[in-house]
Amino acid sequence: MDPIIDISGLTLALDKSRSLPSLVDRLSLSIGPGETLGLVGESGSGKSLTSLAIMGLLPKAIGATAGSILFRSERAGAVDLVRLNDRRMRKLRGREIGMIFQEPMSAFSLVHKVGEQVAEPLVLHHGLSRKAAVAEAAHLLDRVGVREAGRAVERYPFEFSGGMLQRAMIARAVACTPRLIIADEPTTALDVTVQAQVLDLLAEVQREVGAAMLFITHDLAVASKVADRLAVLKNGRLVEEGPTRQTLNAPRHDYTKALIAALPRRASQTVAPASEADILTISDLSVSYRESSGFSRRRALKKVLSDVSLAIRRGTVTALVGESGSGKTTLARAALGLIRSTGQVTMVAADGSRFDVGTLTGKGLRAYWRRAQMVFQNPYASLNPWQTIEETLVEPQLQHGLASTAKARDTAVEMLERCGLEAGMMKRFPHAFSGGQRQRIAIARALVVGPELLFCDEPLSSLDVSSQARIIALLKSLRRDLNLSVLLITHDLAVTSALCSDVAVMREGQIIEYGPSDEIFDRPRDPYTRRLIAAAPKLELT
Amino acid sequence: MLAFLGRRLIAAMIVMVAFSFVVFFLVQLPPGDFADVWAASRAAQGDTVTPDEVENIREAFGLNRPFVVQYADWMFSLLQGDLGFSFEFQKPVAHVLAERLPLTLAISFAALVIIYLVGVPLGIYSAVRQHKMVDYSATFIGYFGLATPNFLLALILVYLAQRWFGLSAGGIFSPEYLGQPWSWGKFWDMLSHLVIPVLVLGSAGTAAQVRTMRATMLDELSKPYVRAALATGKSPWQVILKYPTRVAIIPIVSTLGWELTLVISGAPIVGIVLSLPDMGPVFLQSLIGQDMALAGVILLIYYLLVVIGTLISDLLLFWLDPRIRMGVESK
């Protein structure tokens, strides 16, 4: 059968500088009807640019300098999307080519109703009246599993959960039964269990409309689940292409091998000696908010954490896993004394000093924060873009009155190098660094004050596989060399099994299972834990 | 929605009462009172004024009563619709206002309309055509509009209007229509004289709105939802006007309340330069003469306009942004 889309020799470059290397270099791919091609590679490899080139939505500065994208349109016959004029291109967008974007929350306008936005392609391409289109949108939402679809169309995106909104995005992309679906990292922003549901839904929808699908992801495990064939992209070049199983079982190219090797793997735990005392003891910790919930519009006392008890052994990495909204971050913030809570949090430092976090104020809290630090989820947002790396690393030390500026600089360099960066980078600003490098800088910033306890809130979730692998290795070495204790908040079970000696599973503000990592993974007792483990995408090699 | 409006109206009334107290206090703040000013002006004309005469004036106008009593008296008559008597102009405040207020409001609102009708679309266009000719021109004109003191701009425009269009300088009528009964010719003559004050008053505001709209629009244009909307097949302008504009216009709408004040407080100096019979010169004179009744009422009207402007902007925000709407309704 003729492929729906046939890309050949596609080269994308910055318009004005033909001397620079191409962003995408002589890429050739094709996808047949009903087929799913997984396009994998790290961030910056050109995956998203390729998809935008197909949509004709490349940023103004970037253009195709060579090659063609042949698309077999239902109405217009075979057309070359690279040379198609904008008016005709618009007739294909949303009608014959549907696109699903990465972050549902930012890919919908927050001030327009979901139904109106989902109905957009129907109004444009099928000439439906606004009212009829919204009714049809309700039908679509129902089909993709949005509950109470009739009322959901009248709601705004911020009233939806991420998973529900991604379903709405899928509904919008397939509203006009397209021949090609482009999914650009459609599940990266979602929890494991939601991810599994959305992936199933995508496959089902694709079968129903019989479309070809270009599935872009940096996650090999996800790709192995959905794709018939895999194409591996590196620095804009196609390095390997073939049937999914074959490519994963017998990768020919070194880069593919490296990608597979970088996947977090379960480590045989070198458990710290059991005699070591607990560094942090949390008992009966509760946090509640008075909150108005989106749908019911009634204010109620919402318990975010209820009677949580947990202990972290000195020199170990303990994982706190659970879906978003389960209270993981709240637990860390309460344990750091950043929000009010009831219950007891006690930290015992190496020199024997005790901190009862609930009772601390002012000076006492500052002394505690010198020993307990936090690393945040998004390294793009957690570093001040106006401060050089040096300023970022020196400031906390001066804040805590730990050293003179000169000495603080030395410590900064030491920690930067320990985190795998070079002293020469001190004078640069955060924007000069990749996501992975930024997260190392953020870790170095937490370390400069010499903490014993580190709270890491999803430190890996915005990074691609190889950056993840390097940060995991870094955390391991820090634990070993500095005898650091870490509470790692994550929704990624693969990371957990690679790094942590203890695991606590959270759900709806409670810890439902807690124990050594091996035990949790091999003999999960709670059905929810079992579900979580089952939902985690694994490299399927059969 | 109605509950929200009701709450806002009650709040507006409380604010107005508080304002009235502040106004009264402010106008009374400078040392001396109307009697002193009157005595000084008589003395300047060579008359001799005895302390008894000054005291009599005080007595007659009730200026020697305690502050709070005077305030209560003033408020009480205001609420009954009696705006008081202007010592400075020797006629009721209501008459002074009737002569001056309509023109002032007409000029100010016309300036406001220009500010938004020109500022917002030009801001959007500048953002979409960033670093193109229109954007650079708008930026240049914008800085020019912001940096030029508006009375200077008024003088320049008056000169140019006279030179090129033969418009008489200042006032609102050409000499040939002075004292004539109303006719279409006179009406058009008045409109042509209002163009300059409106342009002058609107220039800085327009420039500021262009800058704000351009900046917020640029932020919004780079957001993923714009690309996602384009992916449905909508044309770029359809997308821009439907999605990012609604978000980008929020900061503009929320400053609607004080934009009106800016325009009105710019009006006196322009009114004086252009010798317009608007409230500007009257306001200034009433303040210099410590004419409490007139100055107080004018200030109260200004405050009332700000309160109304803010109320309108709240209602618009309520309509524009569902996040605000739900925040309000869940309370």
Side-chain angles (χ1 to χ4, degrees), chain A residues 48 51-52 54-60 86-87 89-113 116-125 154-159 169 172-173 175-176 178 182 184 291-299, chain B residues 1 3-4 124 126-135 216-254 315-331:
Chain A
S48 290
S51 72
L52 292 177
I54 298 173
M55 289 301 279
L57 290 175
L58 283 171
K60 275 187 197 130
D86 197 54
R87 202 177 45 80
M89 188 71 228
R90 286 209 297 274
K91 291 228 181 322
L92 297 180
R93 272 184 220 142
R95 181 184 211 162
E96 298 200 32
I97 309 174
M99 182 152 178
I100 297 156
F101 293 83
Q102 177 165 7
E103 276 259 14
M105 273 300 167
S106 57
F108 274 106
S109 159
L110 294 185
V111 298
H112 292 82
K113 287 177 183 165
E116 188 184 346
Q117 298 187 61
V118 171
E120 197 85 86
L122 295 164
V123 175
L124 279 168
H125 301 299
E154 293 298 317
R155 294 201 178 113
Y156 292 91
F158 55 86
E159 298 177 276
M169 170 78 73
R172 168 149 120 170
C176 296
I182 301 175
D184 188 357
E291 202 194 44
S292 56
S293 72
F295 285 169
S296 75
R297 287 175 197 168
R298 236 181 299 125
R299 267 148 73 87
Chain B
M1 172 70 201
F4 171 71
I124 296 174
S126 274
V128 175
R129 294 263 180 276
Q130 195 192 4
H131 304 316
K132 296 275 164 57
M133 202 50 216
V134 173
D135 181 32
T216 52
M217 196 68 188
L218 279 176
D219 275 354
E220 290 305 314
L221 283 176
S222 62
K223 299 236 168 111
Y225 71 83
V226 175
R227 182 173 280 159
L230 285 172
T232 65
K234 250 174 140 56
S235 79
W237 275 108
Q238 279 178 320
V239 168
I240 287 162
L241 294 179
K242 176 165 183 183
Y243 292 109
T245 299
R246 181 150 169 185
V247 181
I249 207 165
I250 287 173
I252 298 228
V253 168
S254 48
L315 290 177
L316 281 176
L317 285 179
F318 190 85
W319 171 71
L320 268 179
D321 191 340
R323 289 165 293 185
I324 294 176
R325 203 178 313 149
M326 298 194 170
V328 167
E329 280 173 354
S330 66
K331 263 181 207 145

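Given the structure is predicted, the values throughout are model-derived calculations rather than measurements. Proteins get letters first, then strands, A, B, ... in listed order; numbering begins at 1 in each.
At a 4.5 Å heavy-atom cutoff, A:Gln102 makes no contact with chain B through either its backbone or its side chain. For A:Arg172, the part lying under 4.5 angstrom from a heavy atom of chain B is the side chain only. Only the side chain of A:Leu52 comes within less than 4.5 Å of a heavy atom in chain B; its backbone stays farther off. For A:Leu124, the part lying under 4.5 angstrom from a heavy atom of chain B is the side chain only. For B:Glu220, no part sits under 4.5 Å from any heavy atom of chain A, backbone or side chain.
The two atoms that bring A:Phe108 and B:Tyr225 nearest to each other are C-CB, 3.6 Å, heavy atoms only. Taking both residues in full, the closest heavy atoms of A:Leu110 and B:Arg323 are given as CD1-NH1, 3.8 Å, listed atom of the first, atom of the second, then distance. Residues B:Ala228 and A:Ala107 come closest through the heavy atom pair CB-O, 3.3 Å. Across all non-hydrogen atoms, the minimal contact from B:Pro236 to A:Asp86 is CD-OD2, 4.4 Å. A:His125 and B:Gly233 make their closest contact through NE2-CA, 4.1 Å (heavy atoms, listed as atom of the first residue, atom of the second, distance).
Around atom NZ of B:Lys223, more than 12 heavy atoms belonging to other residues, nucleotides or ligands sit under 6.0 Å away.
Here the OG1-CZ distance, from B:Thr232 to A:Arg93, works out to 9.0 Å after rounding to the nearest 0.5 Å. Taking CE of B:Met326 as the reference point, atom CZ of A:Phe158 lies at 5.0 Å (rounded to 0.5 Å). Residue B:Gln238 holds its CD atom at 7.0 Å from CZ of A:Arg90, rounded to the nearest 0.5 Å.
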CA sep, side-chain torsions, deciding dist, call: B:Arg325, A:Tyr156, side chain to side chain contact (heavy atoms under 4.5 Å, CB included): CA-CA 11 Å; B:Arg325 203 178 313 149; A:Tyr156 292 91; 3.2 Å; yes
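Within residues 243-252 of chain B, the residues having any heavy atom less than 4.5 Å from a heavy atom of chain A are, in residue-number order, B:Tyr243, B:Arg246, B:Val247.
Between A:Glu120 and B:Lys242 there is a salt bridge, since a side-chain N of the basic residue sits under 4.0 Å from a carboxylate O of the acidic one.
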